[in-house]
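Scroll down for the structure; my scribbles are underneath it.
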Amino acid sequence: MPLLPAPDRLLDDSGALRFGQYRGALQDVDISDVRLPGWPGFTSGLRLKRWQHFCVVHPEVVLTFAIVHTGYLQLAWVQAIDRATGQTVERAGRWPLVRTRVARSLWDDHSRASGSGLRLQVHNHLSVGRHDIELDSQ
């Protein structure tokens with residue numbers, strides 16, 4: 001099957017998924033507005049799960065963090081692991097103590113979480129090959 005040129009969005013104008021194999025990256029893969037036959041309201045707030053997760057591996061430490069919004073639950077965490085000792089430090093929180101927003105696109109959008117002594121912001125700029133991350137934990 002030949003590769004197709006990547007469309008601007010994964011969904012067409014009617015909300016149907018564009019199935020296929022594409023050459024290049026899909027910039028907008030958000031399925032919030034998808035319309036599936038026989039599945040009315042498929043992405044009603046309780047069914048669509050969104051998250052943004054990073055894991056940074058360094059010879060001495062591993063840093064992992066995520067912002068998650070499942071429709072009925074919002075949560076965020078930051079975890080640092082000392083690779084030599086295995087000691088772990090974690091800060092986590094969930095709704096209603098943490099409020100989140102998860103990016104609809106990684107090309108030029110942002111995710112954020114704040115509350116429970118945690119502030120995490122991720123500015124996605126894949127259009128220029130970069131993510132800017134701000135993390136504050138007390």
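One-based numbering along the sequence shown.
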Can you confirm whether [X] sits close enough to [Y] that some side-chain heavy atom of one is under 4.5 Å from a side-chain heavy atom of the other?
X: V78; Y: S137; answer: no
X: Y22; Y: P7; answer: yes
X: D8; Y: Q27; answer: no
X: Y72; Y: K49; answer: yes
X: L118; Y: L135; answer: yes

Query raised in the report: Should we say atom CH2 of W107 is surrounded by more than 12 heavy atoms from elsewhere, each under 6.0 Å from it?
Result: yes

Count I, L, V, M, F, W, Y as connected when their side-chain heavy atoms are under 4.5 Å apart, and connections chain through other members. Are [X] and [Y] then in the same cluster?
X: V89; Y: L63; value: no
X: I81; Y: V57; value: yes
X: W51; Y: L75; value: yes
X: L97; Y: L120; value: no
X: L126; Y: V29; value: no

Requested in this report: List the steps and the verdict of side-chain hydrogen bond (donor to acceptor under 3.5 Å, both in side chains) for N124 and Q52.
Outcome: CA-CA 10 Å; N124 301 297; Q52 187 160 8; 2.6 Å; yes

Quick check for you: to the nearest 0.5 Å, what is the distance between [X] atom [atom1] and [Y] atom [atom2]?
X: S127; Y: L106; atom1: OG; atom2: CG; answer: 11.0 Å
X: L10; Y: R18; atom1: CG; atom2: CZ; answer: 8.0 Å
X: I67; Y: S114; atom1: CD1; atom2: OG; answer: 9.5 Å
X: H123; Y: D132; atom1: NE2; atom2: CG; answer: 7.0 Å
X: R9; Y: L11; atom1: CZ; atom2: CG; answer: 5.0 Å

Can you see which heavy atom on [X] is nearest to which on [Y], and at what distance?
X: V98; Y: A76; value: CG1-CB, 4.2 Å
X: W77; Y: A92; value: CB-CB, 3.7 Å
X: A25; Y: A6; value: O-CB, 3.6 Å

Could you check whether any side-chain N or O of [X] sits under 3.5 Å from a backbone N or O of [Y], counting only pairs where one atom can act as donor and the other as acceptor?
X: R23; Y: L4; value: no
X: R101; Y: H110; value: yes
X: D82; Y: G86; value: no

Query raised in the report: Among R112, H69, R94, Q74, whose side chain to side chain donor-acceptor pair (under 3.5 Å) with T100 holds?
Result: Q74

Report task. Using the side chain to side chain donor-acceptor pair (under 3.5 Å) rule, collect all pairs that involve residues 53-66, keeping only residues at least two apart or in two chains. Result -> H53-T64

